Structure formats: C-alpha cells, structure tokens
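Only heavy atoms go into these numbers, but all of them, side chains included; no hydrogens, no water, no symmetry mates. Every chain is numbered from 1, with letters handed out A, B, ... down the list of sequences. Model, not experiment: these values are computed from the prediction.
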Number of protein chains: 2
Amino acid sequence: MSSVDLTVPPLSDRKVSILEAAAALFAKYGYAAVSIRDLAREIHTTPAALYHHFPDKGAIYAAALRHVFSDPAKALETVLKGDDAPDVALERLIVWLTQQFSDNPVLARLVQRELLAGDRDRLSLLTEDVMAAPFREIERLMHRLAPARDASLSAASIIALVMGYVQLTPVLEVLTGERNTKQHLRDFAAHAKDLVLHGLLAQPQPGAHI
Amino acid sequence: MSSVDLTVPPLSDRKVSILEAAAALFAKYGYAAVSIRDLAREIHTTPAALYHHFPDKGAIYAAALRHVFSDPAKALETVLKGDDAPDVALERLIVWLTQQFSDNPVLARLVQRELLAGDRDRLSLLTEDVMAAPFREIERLMHRLAPARDASLSAASIIALVMGYVQLTPVLEVLTGERNTKQHLRDFAAHAKDLVLHGLLAQPQPGAHI
DNA sequence: ACTACCTGAACGAACGTTCAGTTAGGAGCT
DNA sequence: AGCTCCTAACTGAACGTTCGTTCAGGTAGT
C-alpha cells in the first residue's frame, strides 16, 4: 500500500540512543536546522561514527521518525478497550489525547513538522503508524455515542480540537495571562468533553449546507 | 509591552516583492531550509542585491513575518461587526476561519512554524498582530452565545478546532479516501458549527473536575 | 585473524555575508 | 540644451565558516 519500508530490523542499543537524541533535536529545531555535527556533539561522539550506523542524514531522520512513531499507537487501545459507557470513554479519551500531545512534545512536534513538510511517503507512514489506529478507535466510539453523525468527521474534530489547542497554548498564555499550564489543560479537557458530548448528542441540523 | 519593534516604515515596491517571495519560501520550507541564494533566484536577482535592502537573513524573515501578519486581523471585523443573531454570526465565523486557514497557506504555515519555533518575542508579535483581535471578537461572540461558559476557553476551542482540522486534511484524505478537499472543508464547517452551537448551549456540567 | 566500532583529517559544496565597482535617473546649475 | 553631482540599486567575485560525507587507519572483543 505504502511505498515506505515498514519492516524494521531490531535496533542495537547504540542505534536507539542515536535515534532518541536525533528525534529530540529534529523535533525541537527541524530537519534542516540540525547538523550531523550537532547530533554527534549531543551524544558525545563524532560525525564519522554516525555514518557507521546510518548511510546518511536522511536515513537518520527516517529511522528516528519510525522509532518515535512506532510506540504510541498501542497505548490508545488500553484507554478505549474497556467497555465503559460512551460518555465515560469519551472523557477518558480526551484526557488521554490531551496528555499525549502535551507530555510527549517530541512526538507531537514531529507530527506537526511532518504535516508541514507534506512529503507523501512520510505522510503515509505518519497516517498508518500514528493516526490510523487511534482514528479507527475514536470513530467506533463516536458511532456508539452519536450514530446519527458522520463518525469520521466527529473523530477528526476531536483530534483536531486537542492537537490545535495544545499548539495554541503559548499564545493563550499571552492572551489570557494564564500561567498554570497543567491545570489549564485539565480545564480544557473538561470543556472539550462537554463540547463534544452535547454538541454531538443534539440532533443534527439536517441538510444545513453552508 | 512587547520588545518587538512594531513601528513599520512604509515599504518600497521592491521590498514588498522581496518579502512576499520570502514569506512564500519560508512558509513552504522553513527558515533554515531557505538560503539567501534560493530567495535571490526566486525573484531573479543576486544575493548581494538583497543585502542592499535588508541587513541580514534574520531581518528578511522578521520583515516577511510582519508583512504577512499585518493584513489579516482587519478582515475579521467585517465578518463579525454585523449585528446578526449569535448563531448566524457563529456560522459566518467558522466558515471564514476555515477559509482563512485553507486559502491562505502562507499565513497558516508561518503561524504553525512560529508556534513550533516558540521564540518569545516573535510569539508576542504573532499574538498581538494576528491572534489578539480575532480572539477578542470571538470571545465577545461566545459571551453573547453562551454566557455561562468560559468565553476564553470557547474562543480558543473554536480556533483550535479549525486550525487543527485544516492541518490534518492531508492525513484525513488518506484515512477516509476523501478527495474533494473544498467540499470536505465545507462539510467540516457545517459540522463544527453544530458541534460548537449545541455543545455550548447545553448547560455546563458544574464542577466536573477530571 | 576477524569483525564491529570508532577516530582525525580532509574533501567539495553550499552557506551567510562583504566589498569595490558599475549603472540608471533625477536635481540643480549654467 | 548640456553638464555635473548625488544617490539608490545593483553586479561579480570573493571572504571565512559550516555543511554532509568519505576514508585510511586504530582499538577492543571474539
């Protein structure tokens, strides 16, 4: 389906430590702004040593993406797999999503940078490794919660709402003078739950074409 | 308040054409990935000529940001200044926001890149020149629409929802097989309006701490 | 002796930036 | 009208630095 090689040979400890440092740097500064020498300095080695493990800079970035993107998809299932009532599951989901985006800035920033870069192959990787499984689970929950709605649109709206809000946090701190980001994000999660719950349970406006 | 110089001397036509090409390139590829030679080639001149108009690359980027960020704040007022009923105003707002983010990729991408970069001074510029006026207007509308809600949280949620959704568009095209992006975004705008309207009009869950 | 891992030094290319010199066009004077 | 003077705009070439990458050689464990 995708042209990206998804078969991942097991990584040595050394490679993992390289990729984790690389992911952190690329997430923070972007691909072009991180040099091989920067990365080598970060893990106390030399540029040439990196070329013993990877053929070039692009391969380091691609492997770092795969390494970071391979983890998080599994975690969601434990969040949603319980047979809670839909509204309870929705609350758990939104809290989990909010924490995921705010507590894992490396993943969140790499996702944002990939969305900005727009490379087709790497977007497929992002879609399949990170987005697909959570999206399908959220779609199922949305179908249970509001069968009359377009579940895809509802699921995408939830992800968009949480991702966008976490991105806006620094601007909101300036606009509202809010300082306690942790509490602020908890308030947002409660607000978002209410918004989605009541917004989707109200009967849809049929044929309301804009 | 901000340490960024906001006094903008009038720009010559030449400078404007440089800044518009620069904004497009920086938006598409990012600051570090665009060289002075790339920019010079784009507008059929030489690197040295650019240094006649701007002291260095950073100044070109800063001026391009100011140039792009100075326009859009005014447009929102005409969208909201009419004394429509709140629900009609909300629909107009969401449609306008969605179009703004999708039809003006240079602005949208520069905003996203600034959010990622996180530079304090430039975030202040972004906040004051782009975000503040729309945010206050949306806050006022939210207060009219749902006085029992936290207007700041509601306003931020709307911006986050639209911004996040437009960002996710390429991934959603893969996930749902959707191809007609224009129609797709219209459907989203209708969905978002319903979500916010009914989600905020339902009585809030008092003290629902998570 | 073989392999995995690493080093120091260097390669050419591209980077941001500078600079002496050239061009074009208008203002002021005769 | 012609002439001088001035300035803004630009050019070609070069500067020192950093970039991604290579390579001959070295070290340590099996």
Side-chain angles (χ1 to χ4, degrees), chain A residues 5 7-67 110 113-114 116-117 119 121-122, chain B residues 5 7-67 110 113-114 116-117 119 121-122:
Chain A
D5 179 18
T7 66
V8 183
L11 297 171
S12 67
D13 289 354
R14 186 77 178 123
K15 276 186 176 169
V16 168
S17 71
I18 293 173
L19 293 183
E20 279 168 3
L25 285 178
F26 287 138
K28 190 166 191 179
Y29 301 107
Y31 178 78
V34 175
S35 73
I36 294 290
R37 286 173 177 81
D38 291 335
L39 176 55
R41 192 179 311 115
E42 184 75 12
I43 56 178
H44 307 103
T45 184
T46 61
L50 298 176
Y51 283 86
H52 177 73
H53 298 280
F54 299 96
D56 54 34
K57 185 185 176 186
I60 296 178
Y61 182 70
L65 272 192
R66 271 201 300 274
H67 181 67
L110 285 176
R113 292 196 184 277
E114 282 304 298
L116 273 172
D119 177 272
D121 282 356
R122 296 208 313 266
Chain B
D5 179 18
T7 66
V8 182
L11 297 172
S12 67
D13 290 354
R14 188 78 178 122
K15 277 185 176 171
V16 168
S17 71
I18 292 173
L19 294 183
E20 278 168 4
L25 285 178
F26 287 138
K28 191 165 190 181
Y29 302 107
Y31 178 78
V34 174
S35 73
I36 294 290
R37 286 172 178 83
D38 291 335
L39 176 56
R41 193 179 312 116
E42 184 75 13
I43 56 179
H44 307 104
T45 184
T46 62
L50 298 175
Y51 283 86
H52 177 74
H53 298 280
F54 300 96
D56 54 33
K57 185 184 175 186
I60 296 178
Y61 182 71
L65 272 193
R66 272 201 300 274
H67 181 68
L110 286 176
R113 292 196 184 278
E114 282 305 298
L116 273 172
D119 177 273
D121 282 356
R122 295 207 314 266

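- Under the rule for a side chain to side chain contact (heavy atoms under 4.5 Å, CB included), the partners of A:Ala64 that lie at least two apart in sequence or sit in another chain are A:Leu19, A:Ala22, A:Ala23.
- A search for side chain to side chain contact (heavy atoms under 4.5 Å, CB included) contacts involving A:Asp119 returns A:Asp121, A:Arg122, not counting sequence neighbours.
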- Message: Protein within reach of the bases, or only the backbone? For nucleotides 23-30 of chain D, mark each nucleotide 5' to 3' as B, S or -, using heavy atoms under 4.0 Å.
- Response: B-------
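- Across residues 50-61 of chain B, B:Tyr51, B:Asp56, B:Lys57 each have a non-hydrogen atom less than 4.0 Å from an atom of DNA chain C (numbered order).
- Partners of A:Ala62 by side chain to side chain contact (heavy atoms under 4.5 Å, CB included), not counting sequence neighbours: none found.
- Residue B:Ile60 holds its CD1 atom at 6.5 Å from CZ of B:Phe26, rounded to the nearest 0.5 Å.
- A:Arg113 places a side-chain N or O within 3.5 Å of a backbone atom of A:Ala27 that can act as its donor or acceptor partner.
- In the 5' to 3' direction, nucleotides of DNA chain C lying under 4.0 Å from heavy atoms of chain B begin and end at C:dC15 to C:dC19.
- Across B:Ala63 and B:Phe54, no two heavy atoms sit closer than the pair CB-CE2, 3.9 Å.
- The stretch residues 13-30 of chain A has no heavy atom under 4.0 angstrom from DNA chain D at all.
- Listed here is the closest heavy atom pair of B:Val16 and B:Leu11: CG2-CB, 3.7 Å.
- Contacts between residues 31-46 of chain A and DNA chain C, counted as heavy-atom distances below 4.0 Å, involve A:Arg37, A:Thr45, A:Thr46.
- Residues in residues 39-54 of chain A take part in these side-chain hydrogen bond (donor to acceptor under 3.5 Å, both in side chains) pairs, two or more places apart or across chains: A:Asp38-A:Arg41.
- Atoms CD1 and CG, from A:Ile43 and A:Leu50 in turn, are 5.0 Å apart once rounded to the nearest 0.5 Å.
- Among pairs with a residue in residues 11-34 of chain A, those fulfilling side-chain hydrogen bond (donor to acceptor under 3.5 Å, both in side chains) read A:Glu20-A:His67, at least two apart in sequence or across chains.
- Of all the heavy atoms in A:Arg37 and A:Pro47, the pair that sits closest is CG-CG, 3.7 Å.
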